[in-house]
**Student:** 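Before I ask anything, let me first share the structure, which is written out below as C-alpha cells.
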Amino acid sequence: QVRLIESGGGSVQAGGALRLSCVISGRGDMKLHVGWFRQRPSKEREFVAAEFINGNTFYADSAEGRFAVSKRSAGDLVILQMNDLKPEDTASYFCRAARSSQALMSQQGDYWGQGTQVTVFS
C-alpha cells in the first residue's frame, strides 16, 4: 500500500523559508503524479503545486514565483521549497500522489499524507 509521510513544517517569520519533504513508500513500479495541497484555517483544502509524471510542474497563483516542487530519489521523495513566506501561507500542508493527473488535481481517490503544519507569523 502506498503511504506518504510529510515532514519539515514549523513556525517561521514572514519572509522566511521552509522546505517540506514527502517520503513515498510502497509505490513499487507504479508511476505517480505528485504534488502538494494545503488547508488554511477555516478554509477548504486547496491546490498548491504539482509535478507530473512527464516532469511538467504547475503552481497555484498563490505559490507561483515563491514555491518550487521537485521529485528526488527516483520519485520517492517530493520536496516543496517555500520562500518568502507570508502569514496567509499558514496552513496544514498535505502531500498528494495519484495515478492520473485528473485524480491528483480533483483530490479524488489515491493517496494522501497526514499533513504537516506550517505557521507564518508577522
Side-chain angles (χ1 to χ4, degrees):
Q1 183 178 357
V2 175
R3 289 181 171 85
L4 284 63
I5 301 177
E6 306 97 332
S7 63
S11 297
V12 63
Q13 189 173 24
L18 285 173
R19 180 175 295 178
L20 306 184
S21 298
C22 172
V23 176
I24 301 173
S25 64
R27 179 176 60 85
D29 292 331
M30 187 187 308
K31 295 181 179 179
L32 295 170
H33 308 277
V34 299
W36 293 87
F37 289 72
R38 71 185 183 187
Q39 189 165 16
R40 295 181 289 164
S42 302
K43 303 293 185 181
E44 295 183 352
R45 188 173 294 177
E46 64 186 31
F47 169 75
V48 177
E51 183 169 342
F52 301 102
I53 289 172
N54 65 5
N56 288 343
T57 57
F58 181 61
Y59 296 92
D61 288 344
S62 61
E64 183 70 47
R66 299 189 299 122
F67 295 3
V69 63
S70 61
K71 294 189 293 185
R72 303 177 186 179
S73 300
D76 290 333
L77 178 65
V78 185
I79 302 296
L80 183 68
Q81 177 67 46
M82 304 188 295
N83 299 320
D84 191 25
L85 284 161
K86 304 175 181 179
E88 53 262 43
D89 294 319
T90 294
S92 183
Y93 284 74
F94 296 87
C95 187
R96 167 72 168 159
R99 290 165 289 180
S100 75
S101 59
Q102 287 183 265
L104 184 84
M105 301 302 295
S106 72
Q107 306 186 43
Q108 295 179 339
D110 289 353
Y111 314 110
W112 291 97
Q114 292 184 326
T116 185
Q117 180 66 38
V118 171
T119 301
V120 183
F121 58 90
S122 301

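Side chains are part of it too, since the values below use all heavy atoms of this structure and drop only hydrogens, waters and symmetry mates. One-based numbering along the sequence shown. None of the values given here were measured: they were computed from a predicted structure.
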**Student:** H33 and S100: which non-hydrogen atoms are nearest, and at how many Å?
**Tutor:**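 Shortest heavy-atom contact: CD2-C, 3.3 Å.
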
**Student:** Minimum heavy-atom separation for I24 to G75, with atom names?
**Tutor:**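 I24 and G75 have their closest heavy atoms at CD1-O, 3.6 Å.
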
**Student:** For F47 together with F37, are the ring centres under 6.0 Å from each other?
**Tutor:**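 Aromatic pair counts; centres sit under 6.0 Å.
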
**Student:** Hey, could you give me the CG/CD distance between L80 and E51, rounded to the nearest 0.5 Å?
**Tutor:**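 These two atoms lie 11.5 Å from each other.
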
**Student:** Donor-acceptor pair, distance only, cut-off 3.5 Å: does the side chain of Q102 make one with the backbone of S106?
**Tutor:**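 No: the side chain of Q102 does not pair with the backbone of S106.
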
**Student:** Could you grab the distance from atom CD1 of I79 to atom OG of S70, nearest 0.5 Å is fine?
**Tutor:**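 It comes to 5.5 Å.
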
**Student:** Suppose the criterion is disulfide (SG to SG under 2.5 Å): which pairs have a residue in residues 44-94, not counting sequence neighbours?
**Tutor:**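 For residues 44-94, and leaving out neighbouring residues, there are no disulfide (SG to SG under 2.5 Å) pairs at all.
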
**Student:** Within this structure, what is the CZ-CD distance for the pair R38 and E44, rounded to the nearest 0.5 Å?
**Tutor:**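 CD of E44 is found 14.0 Å from CZ of R38.
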
**Student:** Report the distance from atom OG1 of T90 to atom NZ of K43, rounding to the nearest 0.5 Å.
**Tutor:**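 It is 13.0 Å, given to the nearest 0.5 Å.
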
**Student:** F58 versus F52: any side-chain heavy-atom pair under 4.5 Å?
**Tutor:**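 A side-chain contact exists here, since the closest heavy-atom pair is under 4.5 Å.
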
**Student:** Quick one: salt bridge (charged side-chain N to carboxylate O under 4.0 Å, His left out) partners of R66, sequence neighbours excluded?
**Tutor:**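 With sequence neighbours excluded, R66 shows a salt bridge (charged side-chain N to carboxylate O under 4.0 Å, His left out) to D89, given in chain and number order.
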
**Student:** According to salt bridge (charged side-chain N to carboxylate O under 4.0 Å, His left out), who are the partners of E88, at least two apart in sequence or on a separate chain?
**Tutor:**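 E88 satisfies salt bridge (charged side-chain N to carboxylate O under 4.0 Å, His left out) with no other residue.
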
**Student:** Would you mind writing out the side-chain donor-acceptor pairs for residues 11-19 within the sub-3.5 Å range, not counting sequence neighbours?
**Tutor:**
from : atom 1 : to  : atom 2 : distance (Å)
R19  : NE     : Q81 : OE1    : 2.6
R19  : NH2    : Q81 : OE1    : 3.0

**Student:** Kindly write out the residues that satisfy ring pair (Phe, Tyr, Trp, His ring centres under 6.0 Å) with Y111, not counting sequence neighbours, or none if the list is empty.
**Tutor:**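 Result, ring pair (Phe, Tyr, Trp, His ring centres under 6.0 Å) vs Y111: none returned.
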
**Student:** Give the table of side-chain donor-acceptor pairs shorter than 3.5 Å for residues 112-122, with sequence neighbours excluded, one pair per line with atom names and distance.
**Tutor:**
from : atom 1 : to  : atom 2 : distance (Å)
T116 : OG1    : G9  : N      : 3.2
Q117 : NE2    : A91 : O      : 3.3

**Student:** Of all residues at least two apart in sequence or in a different chain, which pass the side-chain contact (heavy atoms from CB on, under 4.5 Å) check with A98?
**Tutor:**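 Only R96, A103, L104, D110 meet the side-chain contact (heavy atoms from CB on, under 4.5 Å) criterion with A98.
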
**Student:** Same hydrophobic cluster for L4 and V34, using side-chain heavy-atom links shorter than 4.5 Å among ILVMFWY?
**Tutor:**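 Result: yes, single cluster for both.
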
**Student:** Show the nearest heavy-atom pair for residues V69 and T57, with the distance to one decimal.
**Tutor:**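 In terms of heavy atoms, the two residues are closest at CG1-CG2, 4.1 Å.
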
**Student:** Taking side-chain contact (heavy atoms from CB on, under 4.5 Å) as the definition, give me every residue that meets it alongside S25, ordered by chain and number, with sequence neighbours left out.
**Tutor:**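 So S25 forms a side-chain contact (heavy atoms from CB on, under 4.5 Å) with R3.
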
**Student:** Are Y59 and Y93 joined in one hydrophobic group, where the rule is that I, L, V, M, F, W and Y side chains link up if heavy atoms are under 4.5 Å apart?
**Tutor:**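 Yes; Y93 is reachable from Y59 via cluster members.
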
**Student:** State which residues pass salt bridge (charged side-chain N to carboxylate O under 4.0 Å, His left out) with D76; sequence neighbours excluded, sorted by chain then number.
**Tutor:**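 Counting only residues at least two positions away or on another chain, D76 forms a salt bridge (charged side-chain N to carboxylate O under 4.0 Å, His left out) with R27.
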
**Student:** Is any side-chain heavy atom of V78 closer than 4.5 Å to a side-chain heavy atom of S21?
**Tutor:**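 A side-chain contact under 4.5 Å is absent here.
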
**Student:** Which disulfide (SG to SG under 2.5 Å) pairs, counting each pair once, include a residue from residues 40-82, with sequence neighbours left out?
**Tutor:**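 Found none.
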
**Student:** So, for F94 and E6, which heavy atoms are closest and what is the spacing to 0.1 Å?
**Tutor:**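 In terms of heavy atoms, the two residues are closest at CA-OE2, 3.3 Å.
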
**Student:** Counting C-beta onward and ignoring hydrogens, is there a side-chain heavy-atom pair between N83 and F67 closer than 4.5 Å?
**Tutor:**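 No, every pair of side-chain atoms sits at 4.5 Å or beyond.
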
**Student:** Sort and list the pairs that fulfil disulfide (SG to SG under 2.5 Å) and have at least one residue in residues 22-114, not counting sequence neighbours.
**Tutor:**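 Qualifying pairs: C22-C95.
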
**Student:** Tell me every residue that passes salt bridge (charged side-chain N to carboxylate O under 4.0 Å, His left out) with R45, counting only those two or more places apart in sequence or in another chain.
**Tutor:**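 None.
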
